[in-house]
Every structure is written in structure tokens, then in C-alpha cells.
Amino acid sequence: LIVMAQVSPGAEIMADGNIHVYGTLKGRALAGVQGTLEARIFCSDLRAQLIAIGGHYRTSESEDDVLKGQLVQVYLRDETLVVDPL
């Protein structure tokens, strides 16, 4: 799924595979909804209320403010969501 704009607070996007957001992600993004654990989320600015890959969730309370405003990727490693800058 490719989104060329902001994902607003309260909005939810879902994909069986990867999600690319070329804008600020403020809502909820769920990748790998059919159980694809290799799915990833890429975005220009991560401010999401909730992110999930293959049923593994992480809320905004878990996010590091240092990564805000940076290009990031989210992926699953050992059943834990990892957020890394690009």
C-alpha cells in the first residue's frame, strides 16, 4: 500500500504486505494483516497512534521522540517491532 499524503489521527490503513507513507503517519498502520511477518512500514514522519506488523502491536506511548520528523522503517525482529531511521 502506498499513501502519498498524511494519514490523519483516527484514520486506519491496512495492507497484507508493506506500507509506504510519503507524509506524516498520525493514525494507525497495520501491515501484514494476513500474517505476513516480513512486512514493513516505511514513513516520512512517524507520529502514529498505533503500528502493527503481523498482529504485533506498538502504541505511540512506546515511540522515541528522537525519531519524529525522520524517515523510518518498522519491521519485526524476534516478535518485537523495531523502528529504525533510514
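Fair warning: this is a prediction, and the values are worked out from it, not measured in the lab.
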| request: Grab the two heavy atoms, one from Gly17 and one from Ala39, that are nearest each other, plus how far apart they are. | output: O-CB, 3.5 Å
Pairs of donor and acceptor atoms involving the side chains of residues 1-8, under 3.5 Å and at least two apart or interchain, shall be tabulated with distances.
none

| said: Rounded to the nearest 0.5 Å, what separates atom CD in Gln70 from atom OG in Ser44? | reply: 11.5 Å
| Donor-acceptor under 3.5 Å (Gln49 side chain, Gly10 main chain) | yes
| query | Are side-chain heavy atoms of Val74 and Arg58 found at a separation under 4.5 Å? | reply | no
| said: Can you pull out every salt bridge (Lys or Arg N to Asp or Glu O under 4.0 Å) where at least one residue sits in residues 8-22? Sequence neighbours excluded, please. | reply: Glu12-Arg28
| message | To check you understand the geometry: which heavy-atom pair defines the closest contact between Ile19 and Ala29, and what is its length? | response | CD1-CB, 4.2 Å
| field | Hydrophobic cluster (4.5 angstrom, side-chain heavy atoms) - remaining members for Leu30 | value | Met14, Val33, Leu50, Tyr57
| request: Group every Ile, Leu, Val, Met, Phe, Trp and Tyr by side-chain heavy-atom contacts under 4.5 Å, then state whether Val21 and Val82 land in the same group. | output: no
| message | Tell me the closest heavy-atom pair linking Val72 and Leu86, and the distance in Å. | response | O-CD1, 3.9 Å
| Nearest-0.5 Å distance, CD1 of residue Ile41 to CG of residue Leu81 | 7.5 Å
| Any salt bridge (Lys or Arg N to Asp or Glu O under 4.0 Å) pairs touching residues 34-54, not counting sequence neighbours? | Asp45-Arg47
| Sequence neighbours excluded, every pair satisfying ring-ring contact (aromatic ring centres under 6.0 Å, His included) that has a member inside residues 66-86 | none
| query | Do any pairs count as a salt bridge (Lys or Arg N to Asp or Glu O under 4.0 Å) and have a residue in residues 77-86, sequence neighbours left out, and if so which ones? | reply | none
| task | Using the test ring-ring contact (aromatic ring centres under 6.0 Å, His included), find all partners of His20 that sit at least two apart in sequence or belong to another chain. | result | Phe42
